[in-house]
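Input: a single structure, listed below in structure tokens.
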Amino acid sequence: MTASHRAARWIPGGPALVTVLLGCALALTGSTDTGTAWFAVRVYGREEPVLSVPVEVGDRIELSHTHSVHRRPVHEVYSVSPSAGLAMEELRADAHGANLPSGPETVDGVTSTFVREDGGYRVEHHGRPLGTVRMVVGTPDVDHRLTLGGREIRLLDLVAPRARVELFVQTHPGVRAM
């Protein structure tokens with residue numbers, strides 16, 4: 001298996017083909033661990049992920065979508081935390097809407113920074129530990145997409161609309177990164 005094929009692993013019950021993970025079509029037929037941590041997506045309540053991508057502490061993962069109520073783009077940025085799995089770094093939007101912040105908020109003793117810029121706003125969450133992010137995958141008009149290492153992965157290519165999923169970091173102690 002070439003180095004480009006090692007950047008993802010196929011999980012039984014997961015997709016047979018990941019088309020945008022590394023910018024090329026990859027037919028994945030087995031499992032190859034290449035790092036000590038993996039960013040993963042699984043259907044809530046199931047053990048095995050439908051996607052697993054190697055990551056390192058500090059890597060950024062962006063979740064982008066069209067807001068289901070006010071129909072404007074929203075971008076959430078998470079980081080891989082050594083102690084908390086996923087941590088919330090920032091949220092960016094060009095307009096206010098339902099369930100979006102309208103100013104600084106204090107959660108678990110950490111106050112976010114609310115910044116108006118470039119015709120929109122950015123909310124800095126300062127690495128607030130989240131662990132696992134649970135969400136419902138939207139319909140095609142919402143179009144949830146993950147961006148990791150410059151590559152985009154459409155969640156609807158992995159699961160059906162309205163599927164409840166968990167985004168999380170899985171560690172593999174003792175596995176050497178390649």
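Not measured: the values here are computed from a predicted model.
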Exercise. Find out whether R128 and V107 are in side-chain contact, i.e. whether some heavy atom of one side chain is under 4.5 Å from a heavy atom of the other.
Key: yes
Quiz prompt | M135 reachable from Y78 in the ILVMFWY side-chain graph, under 4.5 Å edges | solution = yes
Quiz item: R145 side chain to D143 main-chain N or O, any donor-acceptor pair under 3.5 Å?
Solution: yes
Exercise. Indicate, with yes or no, if L167 and L158 share a hydrophobic cluster defined by side-chain heavy-atom contacts under 4.5 Å among Ile, Leu, Val, Met, Phe, Trp and Tyr.
Key: yes
Quiz prompt | L148 reachable from F168 in the ILVMFWY side-chain graph, under 4.5 Å edges | solution = no
Quiz item: So, are R60 and E62 salt-bridged, with charged N and O less than 4.0 Å apart?
Solution: no
Quiz item: Can you find a pair of side-chain heavy atoms, one from V57 and one from S81, that are under 4.5 Å apart?
Solution: no
Self-check item: Between H126 and S112, a side-chain donor and acceptor under 3.5 Å
Solution: no
Quiz item: Can you get from V133 to F39 by hopping between Ile, Leu, Val, Met, Phe, Trp and Tyr side chains that sit under 4.5 Å apart?
Solution: yes
Quiz item: Is any side-chain heavy atom of N99 less than 4.5 Å from a side-chain heavy atom of V69?
Solution: no
Quiz item: For residues S64 and H75, is any side-chain donor paired with an opposing acceptor at under 3.5 Å?
Solution: yes
Quiz item: Distance from L91 atom CG to F114 atom CZ, nearest 0.5 Å?
Solution: 9.5 Å
Quiz item: Would you say V123 and T113 make side-chain contact, with heavy atoms under 4.5 Å?
Solution: no
Exercise. In sequence, state the C-alpha distance, the side-chain angles, and the governing distance for E90 and R92, and then conclude on salt bridge (charged side-chain N to carboxylate O under 4.0 Å, His left out).
Key: CA-CA 7 Å; E90 68 180 48; R92 296 185 312 273; 2.6 Å; yes
Exercise. Using modelled atom types only, decide if a donor and an acceptor are shared between the side chain of H67 and the backbone of P73 within a distance under 3.5 Å.
Key: no
Quiz prompt | Flag side-chain contact, heavy atom, 4.5 Å: T66 against V74 | solution = no
Practice problem: Decide whether I61 and V159 are clustered together by the hydrophobic rule: side chain heavy atoms of Ile, Leu, Val, Met, Phe, Trp, Tyr closer than 4.5 Å, transitively. | Solution: yes
Quiz item: How long is the gap from NE2 on H144 to CG on L63, to the nearest 0.5 Å?
Solution: 5.5 Å
Quiz item: With no hydrogens and no angle check, do the side chains of E89 and S79 hold a donor and an acceptor under 3.5 Å apart?
Solution: yes
Self-check item: Test item: D59 side-chain N/O and E56 main-chain N/O as donor-acceptor pair under 3.5 Å
Solution: yes
Quiz item: Within 45 degrees of the axis of the six-membered ring of Y44 and under 6.0 Å from its centre: does R134 put its NZ or CZ there?
Solution: no
Quiz item: Do T132 and L86 come close enough that some side-chain heavy atom pair is under 4.5 Å?
Solution: no
